[in-house]
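Indexing begins at 1, ligand by ligand and atom by atom, following the structure's order. Numbers here simply count residues along the sequence, with the first being 1.
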Amino acid sequence: MKFGVDYYPEHWPRERWERDAELMVAMGIDVVRMAEFAWARLEPRPDVYEFEWLDDAIAVMQNAGIKVVLGTPTAATPTWIAQNDPDTRPVDSHGVRMSFGGRHHVCHSNKRYRERSAAIVTAMAEHYAGRPNVVAWQIDNELGNSHNPLCYCDSCRAAFHVWLEKRYGTIDALNAAWGTEFWSQTYAGFDQIPTPRVTPNSHNPSVLLAWRRFCSDLIITFMNDQCAIIREHDANVPITHNLMGFFDKVDYTRMADGLDFVSHDQYPVGFWTEGSHLQPAHRLAMPLDFMYGLKDKPFWIMEQQSGPAGWETIGATPRPGQLKLWAAQSVAHGADCVVFFRWRTCLVGTEQYWHGILPHDGEPGRRYDELKKTVAALKPVMERCVGVGAEAEVAMVFSYDDLWAHQIQPHHPEYNYTGVFSRFYRALHSRGVPVAIVGPAADLSRYAAVVIPSPFTIDEAFAARLHGYVEAGGRLVVTTRAGIKNRENAVIPVTPPAFIDRLLGVRVSDYDCLRAGAVAVSRNGEAIGSGEFWADVIDEGTAETRARFAGEYYTGKPAATRNAHGNGAAYYIATIPDDGFAAQIVDDLCRDAETHPVLTPPDGVEVTRRRSESEDIVFLLNHADAARSVPVPAEWDVILGDSAAGVVKLPAFGVAVCRAAR
Ligand code: GAL
């Protein structure tokens, strides 16, 4: 399976289904995902299951030679659940119970919702077990969306208490870990601990971090319970879930453990997107590399944008060529199958303006034609890529603890952990350096260089792993606000960076939140960029200074350092670098670690690869709305796209693919 569509037979008259299947076959579609919001159709009344219509839809697809991914429908609960069990609806941070309507209008800790979910999933798993045409299960839909905002109901509160007791054992241990002496917040029992609803002042950062972890665990447990039911009945069919890139409510590095493969929803330009249809390549590439890194293997795109994306407001219309470009980009970063959302634009409901491949009238048009050609062009390329990734030499570590701790206390009002992460990613990506994005538990030893933006929370075990990595020859970059907090989100009482100060050869004796703006940074007296949001004042230690601040009372103090350690080296960046400074850091790092870009692409062009033992499949993707020429090595075969005399010609939004023997 290489290409699919998200299909909602329940939205269309029965007489239309065969025509849809016929049009799908004509454009090369191999698989459809169905049923993830169809609970009310599948169980119209409690314990009354009606699978005939779905059996029929699956049969229509089977007759056309199209496989099926079945969604469990727990993301959209029927009215009878909300009516019979009003407590299933979530409560906001003001204590107000939310209304039925929309979707995900449920609390994941609610006992009745869990029972009803288990019942429908069991009924579906029993009914569809062993069905030859069903090739995968998708659990729910975009879990975590429901916890935005989080649910603060009494059931969640009780579940939070159980979770806390398991983590801390005794209330004294919790009080000590959280420092509840502060403002007389000492607890006499777990049952006194609040869900962090609105208060006159901020909550304790420790309770807030615990709460984020609890909510993430709650969703993961909800998902894993469904996985267990399906595996009990239909053990041979793989299970997936559609993730949302850097969405922040669930720790995806842990969620992925419960899945057979990861899927992702890729919407380059939605109604929420800043800017026009032109988006920087790195912004779209970064979540794809993260999805690959979650299981260190190829993934599926379960929803790939197929038209203008709107709800109440509407995003820019993808220009001719962009749908192909974005689909090719997903493949280039490790998608083995791309499923387009959605087949036909809906006539009713919230998503009337979320455009599918077919327009409202159901007749093939510009998007159908473009994607039909895309499928034909990319399928042969994908045959060569199955199961193969980029084999990146550089990794970046993304940590949910650090994300959440920074969201709780961003220091600078404009500081954003994922934004900082993306600066380094962009600097590497724009140089044609493949990047693996991994969680903190990943084995780092296979990477020549590792970048960890603001490793704010730290413990000795993680620090020991970083020491080991550098001693063995790795090149490590960490940035400001490294080694500040313990895992309870309390400050470690040493001069930072805690536990890695000797590794980095620096001590941060003072700091400045840059509320008045950026500070210039220079190297050998020449301006190379600036530092933003934050500046550390460093006592020079064993580390060699690579760049200096050129402003404020710390003019001349180190802004970037390199410390040789064992067989490797550790860099400390004492601020958040702007793009110019980040580029310098990345150049130094790549030289030092002797990494090899695939090639250095011109502005607006992205280059990345999928690498097998015998060949590299190199993708050249033009995100600019003007033509570009890319000289490529003479020994590369251009297997998709135009080239002449060793130069690949990319039209606006053009795609080319080359093959290089290894
Ligand atoms: C996704 C979601 C789909 C659909 C789409 C368009 O996030 O998974 O069900 O809602 O967005 O809004």
Side-chain angles (χ1 to χ4, degrees), residues 4-12 31-42 68-78 101-106 108 136-149 219 222-223 226 239-250 252 255 259 262-273 283-284 287-288 290-291 299-318 323 326-327 330 335 337-360 367:
V5 293
D6 296 300
Y7 187 50
Y8 299 91
E10 68 273 26
H11 295 173
W12 306 101
V31 61
V32 296
R33 180 194 63 180
M34 297 197 287
E36 80 277 11
F37 296 115
W39 194 341
R41 269 275 192 127
L42 294 165
V68 171
V69 174
L70 270 187
T72 67
T74 47
T77 45
R103 58 180 166 181
H104 273 142
H105 34 233
V106 272
H108 280 104
W137 288 90
Q138 174 187 296
I139 306 295
D140 202 281
N141 189 79
E142 294 186 343
L143 282 163
N145 249 340
S146 50
H147 267 201
N148 191 17
I219 292 170
F222 176 80
M223 184 191 84
Q226 289 199 24
I239 301 177
T240 192
H241 176 65
N242 52 340
L243 280 57
M244 297 167 279
F246 289 93
F247 188 76
D248 64 351
K249 299 293 183 294
V250 187
Y252 283 161
M255 179 182 241
L259 299 169
V262 160
S263 297
H264 166 67
D265 295 346
Q266 178 78 346
Y267 292 109
V269 182
F271 60 81
W272 61 86
T273 310
R283 187 182 81 76
L284 315 185
L288 300 170
F290 186 37
M291 294 298 113
F299 55 93
W300 279 34
I301 298 291
M302 199 57 91
E303 298 181 16
Q304 173 82 39
Q305 184 160 358
S306 65
W311 278 19
E312 287 76 28
T313 57
I314 305 180
T317 292
L323 297 179
W326 296 335
S330 292
C337 183
V338 176
V339 179
F340 292 101
F341 186 93
R342 53 186 279 155
W343 171 241
R344 177 171 170 186
T345 317
C346 204
L347 309 179
V348 294
T350 305
E351 298 187 350
Q352 293 167 9
Y353 298 119
W354 198 286
H355 296 78
I357 297 176
L358 298 185
H360 288 115
R367 296 192 295 272

- Message: Test your reading of the model: is there a side-chain donor-acceptor pair from Arg342 to the backbone of His355, 3.5 Å cut-off?
- Response: no
- Task: Using atom types as modelled and distance alone, determine if a side-chain donor or acceptor of Asp265 lies under 3.5 Å from a backbone N or O of Met244.
- Result: no
- Pair Ser263, Gln138: side-chain N/O donor-acceptor within cut-off below 3.5 Å: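 No - no donor-acceptor pair under 3.5 Å links their side chains.
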Please produce the table of protein N or O atoms sitting under 3.5 Å from N or O atoms belonging to ligand 1, one pair a line, distance to 0.1 Å.
{"from": "ligand 1", "atom 1": "7 (O)", "to": "Glu142", "atom 2": "OE1", "distance (Å)": "2.6"}
{"from": "ligand 1", "atom 1": "7 (O)", "to": "Glu142", "atom 2": "OE2", "distance (Å)": "2.6"}
{"from": "ligand 1", "atom 1": "8 (O)", "to": "Asn141", "atom 2": "ND2", "distance (Å)": "2.8"}
{"from": "ligand 1", "atom 1": "8 (O)", "to": "Glu142", "atom 2": "OE1", "distance (Å)": "3.3"}
{"from": "ligand 1", "atom 1": "8 (O)", "to": "Glu142", "atom 2": "OE2", "distance (Å)": "3.1"}
{"from": "ligand 1", "atom 1": "8 (O)", "to": "Glu303", "atom 2": "OE1", "distance (Å)": "3.0"}
{"from": "ligand 1", "atom 1": "8 (O)", "to": "Glu303", "atom 2": "OE2", "distance (Å)": "2.8"}
{"from": "ligand 1", "atom 1": "9 (O)", "to": "Arg103", "atom 2": "NH1", "distance (Å)": "2.9"}
{"from": "ligand 1", "atom 1": "10 (O)", "to": "Arg103", "atom 2": "NH1", "distance (Å)": "3.1"}
{"from": "ligand 1", "atom 1": "10 (O)", "to": "Arg103", "atom 2": "NH2", "distance (Å)": "2.8"}
{"from": "ligand 1", "atom 1": "10 (O)", "to": "Glu351", "atom 2": "OE1", "distance (Å)": "3.3"}
{"from": "ligand 1", "atom 1": "10 (O)", "to": "Glu351", "atom 2": "OE2", "distance (Å)": "2.3"}
{"from": "ligand 1", "atom 1": "12 (O)", "to": "Trp311", "atom 2": "NE1", "distance (Å)": "2.9"}
{"from": "ligand 1", "atom 1": "12 (O)", "to": "Glu351", "atom 2": "OE2", "distance (Å)": "2.7"}

- Query: Considering the options Asn145, Thr74, Asp140, which one meets the side chain to side chain donor-acceptor pair (under 3.5 Å) requirement together with His104?
  - Reply: Asp140
- With sequence neighbours left out, write down each residue that passes side-chain contact (heavy atoms from CB on, under 4.5 Å) with Pro287, or none if nothing qualifies. Phe246, His264, Gln266
- Message: For the CZ atom on Phe271, are there more than 12 heavy atoms of other groups (residues, nucleotides or ligands in this structure) within a distance under 6.0 Å?
- Response: yes
